[in-house]
Protein chains: 2
Amino acid sequence: MAGPAPTVYLVDDDDRVLRALKRLLSSDGHSVACYSNAEEFLLHHDPEVPGCAVLDLGLPGMDGFGIQDALASGTAQRPLIFLTGRGDIPASVRAMKAGAVDFLTKPVERSALLAAVAQALVRDKEMRQNGEQRSSLEQRLSKLTPREREVLTLVVAGRLNKQIAGELGTVEKTIKVHRGRMMNKMGVRTVADLVRLVARQQG
Amino acid sequence: MAGPAPTVYLVDDDDRVLRALKRLLSSDGHSVACYSNAEEFLLHHDPEVPGCAVLDLGLPGMDGFGIQDALASGTAQRPLIFLTGRGDIPASVRAMKAGAVDFLTKPVERSALLAAVAQALVRDKEMRQNGEQRSSLEQRLSKLTPREREVLTLVVAGRLNKQIAGELGTVEKTIKVHRGRMMNKMGVRTVADLVRLVARQQG
DNA sequence: GACGTAGTTGGACTTGGGTCCAATGTGCCG
DNA sequence: CGGCACATTGGACCCAAGTCCAACTACGTC
């Protein structure tokens, strides 16, 4: 039920920084995984494991933005905290615009980093719960036949069976059957439940 | 229907900057209003007029953050773009975290400012449409009697009239009447419409 | 050709929701 | 006290939705 414990992924090419951060975060009770470059992190981290990442912006090869872009273009999202020694304002603005939780400068204050990590873990948890709901919804939607999907759309839009029949070129009786099967597959009993279920996602 | 044209509010204590920015934004087709300090802006700008604000961070007296906080503590929201000559990374991060559209450094590139303003105006428009929906919803909610509000809650939760009657300690017939009157006042005809209307906001 | 899935429809029936008319009780305000 | 808003309920009735049983058609696979 609880799933694996959240992990803080550290990516920094400076081994001393890595060890210092790991010590700090471990002492605060976090599980920590260390990587010395972007590729290693992207290859080895498991998107299924909850957590956040603390990235050095100035990595050799692919930098922090590269990681951010790589994660954004995939399905796996993970809250990011940037950490940099020589960053400038445009870099920080770019990172924040792209959804970073925080953008900290070295040397970083312990409390600032821990607060950012705490916030990032909260955000990750929310995103995962959101994602679970969405995937559970999509799983149920995938069980519907094409016709049932059409009926679902019109039911959520507030149409009566009679109207749905008209729009789909059939009779009310048929719609009742599709509708009943659809409600079963979606696992809801009332229209209100159905609308709350599907309207929350597509907004 | 269209309302007043969006206005770009400029706040900068340097008159030359103000004039230069006004010229730039006017040439891009924007209405512009200029203020030389925070207090003047907060007192004189009309929250009803759509638009965004471009703020110098280093104002004498109340600074850009002060404006941001003042706006955030009130009901009036307005997308903000920060412009600064001597900002640092923590300042930019703070501004972006607090919801700023962008954080630019002087001297600012024309295209960067115009792009930021364009984005801010889009955001403002979205926020206003959202706000109109919310206020129209609250207006309708305010017409409901206490009992009708309770019924609404339970209807949206997917309860049957019979169950609602049980939970409210009355009989189904009574609920039908409350429910009918409530649906009328809310201006919807089906449960689906009702749920979409109220679940979108508190969701 | 048999079989499964999807879509279709009919009949009969139950339940849920909504409405119109009418009426009662209660608390508050002028 | 009279009027008003609110909550309540009954009866009669209609329409919408859901269900059970049964059947037919089309398409594609084995």
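Within every chain, numbering begins at 1; the chains are lettered A, B, ... in the order of the sequence lines, protein sequences first and strands thereafter. Just so it is clear, the structure is predicted and the values come from calculations on it, not from any experiment.
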Nearest-Å distance for atom pair CD/P, residues A/Glu172 and C/dT8: 14 Å

Between A/Gln163 (CD) and D/dA16 (P), how many Å, whole number? 9 Å

Side chain of A/Arg147 only, please: which of C/dT19, D/dA17, C/dG7 is the nearest? C/dG7

Do the ring planes of B/Tyr35 and B/Tyr9 sit parallel (below 30°), tilted (30 to 60°) or perpendicular (above 60°)? parallel

Interatomic distance, A/Glu150 CD vs C/dG7 P [rounded to whole Å]: 8 Å

Where the side chain of B/Val171 is defined as all heavy atoms beyond and including C-beta, which of C/dG7, D/dA16, D/dG10 is the nearest nucleotide? D/dG10

Under 4.0 Å: is that the gap between some side-chain N or O of A/Lys162 and OP1 or OP2 of D/dA16? yes

Taking NZ from B/Lys176 and C1' from D/dG10, how many angstroms apart are they, rounded to a whole number? 12 Å

On DNA chain D, does the nearest nucleotide to B/Lys143 precede the nearest nucleotide to B/Val177 from the 5' side, or the other way round? Give the residue. B/Lys143

For A/Arg181, which contact category applies under a 4.0 Å heavy-atom criterion: base, sugar-phosphate, or nothing? base

Distance criterion of 3.5 Å, no angle test: do you see the side chain of B/Lys173 paired donor-to-acceptor with the base of D/dG11? yes

Base, sugar-phosphate, or nothing: which does B/Val191 touch, judged by heavy atoms less than 4.0 Å apart? nothing

Check this one for me: any side-chain N or O of A/Thr145 less than 4.0 Å away from OP1 or OP2 of C/dT5? no

Interatomic distance, B/Asp193 CG vs D/dA16 P [rounded to whole Å]: 16 Å

Check whether any side-chain N or O of B/Asn161 sits under 4.0 Å from OP1 or OP2 of C/dG17, and answer yes or no. yes

From the set C/dG18, D/dA7, C/dG7, return the single nucleotide nearest to any side-chain atom of A/His178. C/dG7

Heavy atoms under 4.0 Å, any strand shown: does A/Arg189 hit a base, just sugar-phosphate, or nothing? nothing

For the pair made of CG in A/Leu160 and C1' in C/dG18, what is the distance, rounded to whole Å? 12 Å

Ion pair present between A/Arg94 and A/Asp69, side-chain N to carboxylate O less than 4.0 angstrom? yes

Please check this pair: side chain of A/Arg78 against backbone of A/Val49, looking for a donor-acceptor N/O pair closer than 3.5 Å. yes

Report the distance from atom CE of B/Met186 to atom P of C/dG18, rounded to the nearest whole Å. 15 Å

Smallest heavy-atom separation, B/Ala38 atom then B/Met62 atom, equals CB-O, 3.4 Å

I'd like to know if A/Asp12 and A/Lys106 make a salt bridge, using a cut-off of under 4.0 Å between side-chain N and carboxylate O. yes

Whole angstroms only, please: what is the CG-P distance between A/Leu152 and D/dA17? 15 Å

Of the nucleotides C/dT19, C/dG16, D/dG18, which has the atom closest to the A/Arg179 side chain? D/dG18

